[in-house]
**Student:** 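To start, I am sharing the structure in question, which I have written as structure tokens.
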Amino acid sequence: MTTDTAAPPLPRYRHEDPGTPLRDVLRVIRRSWLIIVAAVVAGLLAGWLLTVFLPERYETETKVLVDPVVAVEATRSLSQASALVADRVETFAALAQTPAVLDPAIDAIDADVSSTELVDNVSAEVIPRTSIINITVEAGTPTNAAELANAIAASLITQIEGDGAAATPVSLTGTVVEAPEIPDELASPLLLLNLLAGLAVGLLVAFLVIVFRQALSAGTRGR
């Protein structure tokens, strides 16, 4: 006689849906919508106020070509001339942002600004693989920006030609190859850019506040 031994019943596990991360995020957003709206509105308002109260700035550019001048009887010095330009052009670009160039430019147009103030609104750099110096100037009005750029280019050319005069039979000259235009659009402040920055800051603040509240809430429940 055999006895059937029944297998013990398998334990039943209750399946719990842990929920999806996206669902949790949406739930937190729904609960914190007032914080998000307040932070975004504050950020946009800050961007708008920044645009209103910052001074208007206009920007223009001019380009100066640095070229060698070789005496007719010294045609063998062509390689020396090219080397001289390559060696000096970076120096001249840096010189455009110094009082040696800015002070004469200010005096030429009788501008109501000092070189120490103007230097923050002037940049100069050599266009790669060329001997062209690109000068960028900012000012409070379109006309002032163009006048300053013209005067700075002329003052720089004076420095270039005076510097190269001692290098005879090879000397240097500068030529304006692109005159500055009177800008018709603001360089700063830009409303759209400031609003986007304000929006980004507002969303970041809202995120940090929500994370802090969630952490504080979780710590309270764990006690």
**Student:** So, for V176 and I157, which heavy atoms are closest and what is the spacing to 0.1 Å?
**Tutor:**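 Answer, listing the atom of V176 first, then I157: CG2-CD1, 3.8 Å.
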**Student:** Specify the closest pair of heavy atoms between P104 and S155, including all atoms of both residues, with the distance to one decimal.
**Tutor:**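 Distance-wise, the nearest heavy atoms are CB-OG, 3.6 Å.
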**Student:** Using a 4.5 Å cut-off on heavy atoms from C-beta on, say whether the side chain of L54 contacts that of S188.
**Tutor:**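 The answer is no; the side chains never approach within 4.5 Å.
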**Student:** Distance check, rounded to the nearest 0.5 Å: N150 atom CG versus T62 atom OG1?
**Tutor:**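 With rounding to 0.5 Å, CG (N150) is 6.5 Å from OG1 (T62).
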**Student:** For residues L190 and T51, report the shortest heavy-atom separation together with the two atoms involved.
**Tutor:**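 Reported closest heavy-atom pair: O-OG1, 4.1 Å.
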**Student:** Does R31, at its CZ atom, have more than 12 non-hydrogen atoms belonging to other residues, nucleotides or ligands within less than 6.0 Å?
**Tutor:**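 No.
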**Student:** Are L195 and L50 connected into the same hydrophobic cluster when the rule is that any two of I, L, V, M, F, W, Y join if their side-chain heavy atoms are below 4.5 Å apart?
**Tutor:**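 L50 does not cluster with L195.
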**Student:** Are N121 and V137 close enough that some pair of their side-chain heavy atoms sits under 4.5 Å apart?
**Tutor:**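 A side-chain contact under 4.5 Å is absent here.
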**Student:** Side-chain contact, heavy-atom cut-off 4.5 Å: V201 with L204?
**Tutor:**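 They are not in contact (no side-chain heavy atoms under 4.5 Å apart), so the answer is no.
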**Student:** May I ask you to test the E178-I132 pair for a side-chain heavy-atom distance under 4.5 Å?
**Tutor:**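 With C-beta onward as the side chain, the pair stays apart.
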**Student:** When V64 is tested against each of I135, N134, I152 for side chain to side chain contact (heavy atoms under 4.5 Å, CB included), which residue passes?
**Tutor:**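 For V64, the side chain to side chain contact (heavy atoms under 4.5 Å, CB included) check succeeds only for I135.
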**Student:** I'd like to know if L45 and V37 are part of one continuous hydrophobic network [Ile/Leu/Val/Met/Phe/Trp/Tyr, side-chain heavy atoms within less than 4.5 Å].
**Tutor:**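 Different clusters.
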**Student:** With the 4.5 Å side-chain cut-off for hydrophobic clustering, are V113 and L156 part of the same group?
**Tutor:**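 Yes.
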**Student:** Is there a side-chain contact between W48 and L44 (heavy atoms, below 4.5 Å)?
**Tutor:**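 Heavy-atom side-chain distance check fails, nothing below 4.5 Å.
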**Student:** Hey, any chance L196 and V205 share a hydrophobic cluster, counting ILVMFWY side chains that come within less than 4.5 Å of each other, even indirectly?
**Tutor:**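 As far as the 4.5 Å side-chain criterion goes, V205 and L196 are not connected within one cluster.
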**Student:** Between Q97 (side chain only) and V122 (backbone N and O only), is there a donor and an acceptor less than 3.5 Å apart?
**Tutor:**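 Pair found, side chain donor or acceptor close to backbone of V122.
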**Student:** If you look at every heavy atom in Y58 and P183, which pair is closest and at what distance?
**Tutor:**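 Looking at all heavy atoms of both residues, the shortest contact is CB-CG, 3.7 Å.
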**Student:** Within the 3.5 Å criterion, strictly below it, is a donor on S114 or T116 matched to an acceptor on the partner's side chain?
**Tutor:**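 Yes - a donor-acceptor pair under 3.5 Å links their side chains.
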**Student:** Using atom types as modelled and distance alone, determine if a side-chain donor or acceptor of T158 lies under 3.5 Å from a backbone N or O of A154.
**Tutor:**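 At least one qualifying donor-acceptor pair exists.
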**Student:** Do the side chains of V40 and L203 get nearer than 4.5 Å, heavy atoms only?
**Tutor:**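 Counting from C-beta outward, L203 and V40 do come under 4.5 Å.
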**Student:** Do the side chains of L65 and S131 get nearer than 4.5 Å, heavy atoms only?
**Tutor:**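 S131 vs L65: side chains touch.
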**Student:** Let me check something: do L34 and V41 share a hydrophobic cluster, defined by ILVMFWY side-chain heavy atoms less than 4.5 Å apart, either directly or through other members?
**Tutor:**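 L34 clusters together with V41.
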**Student:** Which atoms form the tightest heavy-atom contact between E56 and L186, and what is the distance?
**Tutor:**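 Minimum heavy-atom separation between E56 and L186: CB-CD2, 3.5 Å.
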**Student:** Could you report the tightest heavy-atom contact between I133 and A93, atom names first, then the distance?
**Tutor:**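 Where I133 meets A93 most closely, the heavy atoms are CD1-N, 3.8 Å.
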**Student:** Sequence neighbours excluded, which residues qualify as side-chain contact (heavy atoms from CB on, under 4.5 Å) partners of R129?
**Tutor:**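 So R129 forms no side-chain contact (heavy atoms from CB on, under 4.5 Å) with any residue.
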**Student:** Assess, by modelled atom type and distance only, whether the side chains of T60 and E181 contain a donor and an acceptor separated by less than 3.5 Å.
**Tutor:**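 Short answer, no.
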**Student:** Can you tell if the side chain of F92 reaches within under 4.5 Å of the side chain of L172, non-hydrogen atoms only?
**Tutor:**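 Touching, per the 4.5 Å side-chain cut-off.
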